[in-house]
Amino acid sequence: MDGAKVTPGRTAGLYAGAAVLRLAIFTLFPGIPDLLTGRVEISTPVTSFKRLQEGLFLYNHNVSPYDGGVYHQAPLFLPLFSLLPSSASLPIFTYLLYIAVDLLSASALWRIADSGESGSSALFTSPRREKRWSGFVIAALFLLNPFTVATCIGRSTSVFTTCAILHAVAKAVSGAPFGAMVALSFASYLSMYPLLLLPPLVLLCYDRQRSGRATKSMLQFAGTCTATVAGVLSVLFQLSYLLTGSWEFLPSTYGVQLTLSDLAPNVGLWWYFFIEMFDSFRSFFLAVFWLHLSSYVAGLTVRIRRQPLVVLTLLLGIFNIFKPYPSISDTSLFLALVPLYRHVFPLMRYTFVSAAVVLYASCLGPAFYYLWIYAGSGNANFFYAITLVWGLGLSLLVCDLMFAVLRDEWEVERPEMAGKEIRQI
Amino acid sequence: MSIQQPADNGTADSQPSATSPGTVTANNNETPKLKTAPPEKPSDIRRRSHIILSFWLIVLCLGLPIWWKTTTIYRADLPLQEMLDWADGKACRPVFPLRISIQANTLQDQEAQNLLRLTQHALDDLNDFSGHHLRLQLAPPMAAENHDRESVLTIRLLPGETTTATFDQYEPVLDITYPPNAIPSPTSSSSSLATYIAGQLRSTFAEEQATISYLLSTNSIPSDHRPQGLSPDVAESLSKRTTRSLKYAPTYHLTFSLFTSGPLPSSWDIEEAIAEYMKPVLDVLSPIHNFTIDTQVQLYATPGVQNQVLNKEDLSSFINAAEWPLSPSIGGAPTINFIVFVGNQTIASPSQSPGEGAIPGSTSHSWLIPQWGTIYLLPLPHDKTHVDSSALKQPLLTFTSHLLSFTGAPQSGSLPLRLSTLARIRSADLLLRASSTLGSLARLALALPSISIPSSVADGVSKTIRHLRLACETLGGPEGLAHARIAEAEAERAFFEKSMVGQLYFPDEHKVAVYLPLLGPVAVPLVMGLLNELKAWRKRRREAAEAGAGKKKE
């Protein structure tokens, strides 16, 4: 597959194939979209399509969509979805929208892969970069990943965030800092946590500036980028304010993520912890969890300064494990970026273990959830235990990838050590 | 934190080492630093310090302030000493000054004054309880008919044949007739009429006095304010009465139920009967309690006991708790059940079985279940489909008199007097209850230094104390009761504050269990990283100093 020539026909074939696959599931199995929409692994309180419908209904009846405390998503989804025909009577338009978003994400991913940023960044060139997968393969891996397909069928609104993040990275690697910042602002507006990706993304943009109009000063560049993000975000907030008529959406969307007021179970690690938490310590541990999530940004950005795309990938992996309302949609985003590092795969040590653990958890997770909720023969600990395993598998993958990338860097400095075994000290 | 390990690891790995290929170990990580000075090394070291610094900056700049802010326990200032004073009875000495006016329109002013003085003397001699004293005053002769609102009792002195005393049915008025020769002469130091009046007054208020002193004695009021010599049998009867009456609540719910053993009767004029026979009493009780009322009819109700003649033992199991829809309490207010049972059962006459559960006033048709309600057996012809209000007269009058004993009203005296006594007893009771709640709250706040005290509790306490003070000043009057009611409600609310109750049983050791499982593992790499970094930094400095010294020597 490596280096195969990609003709326009093959590109169209991949996209068409992915679209047909999704459309076929949507139309041939009409029960599946609603089934997947109800799954906790796909729909979290902040991304659920069902809750979006509720918000949409309230919005179309001139009631504040946040009344009732069900809808926790960004207000700009509402005009977008109210433009479409109702998903109850004419669901095909909704399906087409979600398929289009997936294809857009894939095309962004394709551009990232083709840029070769993963193999050779501005400050670092891997000696193994020749061994890589083409954009076609990487886009195919993303589009045909069961997690991506399930997220698309489940119509979780996190696909919009995924798309925005991938476009931000794609813009950054193609030397368009402004576009990257705008895309990141959209992602942050939709889900808040992508804001933490700002430092590595700024570095990526800085490294990939077009030579013609490069800004020399790093601080100036970062300042401009931050101002852009702040500007776009404030415009989006203003728009939302005009749309809903109040600032109520801020506590209802971002406040819910910050305070975890909806304790519906999901594949993450937060919900069980905060069910058990003493009320008087709740706010403290919320702060601890959020600080823990954000503390990685600075450390990783400093450590792997030479490959900002690695930092972005690893951070997405970490967020996928530790964010308040994760779903398999976040996993699919992380797994979309991992194949970019095909060249360091030989350096990874636990690929089999982490792959096995992730597969094991994704098979047993729904089963344990069924035992708990429907059969009543298990309890919440069953499901929480399997989400712990899931988190373990993913963190193993993140660590392994990080190890491989660092080892790759180290071998450039110490060519004589290539291929030798090393020991942790 | 799991990924920090590899990050540190990688930092160490990337350090150039000149040792033999194959392994990089902790030892030869240090040795190459001495041997070679690779050009990347300073930047690597700086980078590692930056990483460690970035983590510690987050911990120190964000973590610590957040920890401080979110886990500090808010303790509103409570006037602890004052609260304890209230509980110990030091802040308020319950005094019931009862003013009694004497109307003696037929007497000369001076004669009346003299009689008043003598009676007051006689009263003071009889009285041994300083908290409860009767003050006599002469009513202005003009106010002949409507008695003074300030005074609790008016004595009307009327000339007559013999010395008699009768209570007015509707007004707190005691009519005393005296023979013409009973008027004391201005010089005499004693008078049989004065002694008689004093004796009457004393017996009138004896029950109230006993009740109040019983209340005080069961609370932690210092003994010097307490009356001595509450005889054991009086105390026993009082405690019996206290167990019979319900705990004070601002609202009582009255449930009137008609249970019939067969299909008939199926309707009753209960609303009319209540309005006619019970409403007047409810109205006069309204300053003390609110009442809500509901009624129900239940056909084919089987009692718990099927005997034709009910013995004393049967009475307690007569209620068919499993089948009769008698809910224990509706809307939070305590419920008093009044049941009219239409059937052919009768109660064995008291001579056969002297029932202790039945109060002396109960007829052979009814009995009272302490703190629960009353059952009235109503015999009716079998074909009667409707119970009209005249048939309900006797049951409702029984219920009314039982209601008074449920509310804790005294047994003797005329109704107006009993009600005003009830108001005074209740204000004393509420005052004492609120004070002791304050004391408990103060002791709780002292005993648990880690309990949080929200500002709403402090508000409640200050409100309670303010109303207690007002109640103490106006004790005996209607405002006193109102203030005592507010004070008691506020004190209960402050004591049972929800956010405090949760922390009642949260010892400090639990904090270790809360913090350690999560923060411990996070802290280990952070602290170890910092320590290693500091050690390496000290070593570098020493080496630099040695190198500088070596150069100087050369």
Side-chain angles (χ1 to χ4, degrees), chain A residues 199 273 276-292 294-306 314-315 317-318 321-322 391-392 394-396 398-414 416-425, chain B residues 1-17 21-29 38 40 44 46-59 62-63 65-73 450 452 499 502-503 506 510-511 513-515 517-519 522 526:
Chain A
F273 196 87
E276 303 286 325
M277 180 51 61
F278 292 110
D279 269 350
S280 45
F281 288 100
R282 197 185 144 88
S283 44
F284 171 65
F285 275 98
L286 277 172
V288 167
F289 272 50
W290 269 108
L291 282 184
H292 170 241
S294 37
S295 64
Y296 293 110
V297 176
L300 278 178
T301 312
V302 173
R303 177 65 191 90
I304 321 182
R305 164 68 188 90
R306 288 181 289 182
L314 293 175
L315 280 180
I318 290 167
I321 303 164
F322 293 117
L392 176 77
L394 288 174
S395 50
L396 212 59
V398 171
C399 295
D400 213 13
L401 182 64
M402 187 170 353
F403 169 81
V405 167
L406 290 174
R407 165 102 201 208
D408 190 41
E409 277 192 8
W410 180 60
E411 283 183 1
V412 172
E413 291 162 17
R414 305 279 313 281
E416 75 280 6
M417 296 295 286
K420 306 271 165 53
E421 191 169 320
I422 58 153
R423 196 151 64 90
Q424 188 172 325
I425 51 166
Chain B
M1 274 293 122
S2 48
I3 65 134
Q4 211 209 340
Q5 216 70 351
D8 287 347
N9 193 8
T11 319
D13 282 352
S14 59
Q15 301 229 340
S17 76
T23 55
V24 182
T25 61
N27 301 346
N28 54 29
N29 187 23
E40 310 95 328
D44 276 356
R46 211 177 313 127
R47 185 172 65 189
R48 193 170 54 221
S49 335
H50 282 162
I51 293 171
I52 289 171
L53 191 70
S54 79
F55 280 106
W56 274 102
L57 272 181
I58 288 180
V59 169
L62 293 172
I66 287 174
W67 172 75
W68 181 252
K69 182 118 181 47
T70 54
T71 58
T72 342
I73 294 163
S450 63
S452 81
S499 60
Q503 275 185 315
F506 199 83
H510 281 201
K511 286 190 181 148
V514 168
Y515 287 130
L518 189 75
L519 298 188
V522 171
L526 280 180

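Values below: all heavy atoms of this structure, side chains included; hydrogens, waters and symmetry mates excluded.
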Can you list the residues that meet the ring-ring contact (aromatic ring centres under 6.0 Å, His included) rule with Trp56(B), with sequence neighbours excluded?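 For Trp56(B), no residue satisfies ring-ring contact (aromatic ring centres under 6.0 Å, His included) once neighbours in sequence are set aside.
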
Quick check on Ser294(A) against chain B: is it the side chain, the backbone, both or neither that has a heavy atom closer than 4.5 Å?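 Backbone only.
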
Could you measure the distance from the [atom1] atom of [X] to the [atom2] atom of [Y]? Nearest 0.5 Å is fine.
{"X": "Phe284(A)", "Y": "Leu519(B)", "atom1": "CZ", "atom2": "CG", "result": "5.0 Å"}
{"X": "Tyr515(B)", "Y": "Phe285(A)", "atom1": "OH", "atom2": "CZ", "result": "6.5 Å"}
{"X": "Phe55(B)", "Y": "Tyr296(A)", "atom1": "CZ", "atom2": "OH", "result": "7.0 Å"}

Mind listing the closest non-hydrogen atom pair of Ile51(B) and Gly299(A) along with its distance?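 Heavy atoms of Ile51(B) and Gly299(A) come nearest at CG1-O, 3.8 Å.
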
Minimum heavy-atom distance between Val302(A) and Arg47(B), given as atom pair plus value: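 Heavy-atom minimum between the residues: O-CD, 3.5 Å.
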
Partners meeting salt bridge (charged side-chain N to carboxylate O under 4.0 Å, His left out) with Arg305(A) (sequence neighbours left out):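 In terms of salt bridge (charged side-chain N to carboxylate O under 4.0 Å, His left out), with neighbours along the sequence ignored, Arg305(A) is linked to Asp207(A).
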
If I measure from the heavy atoms of chain A, does Leu518(B) come under 4.5 Å with its side chain, its backbone, both, or neither?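 Just its side chain gets close to chain A.
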
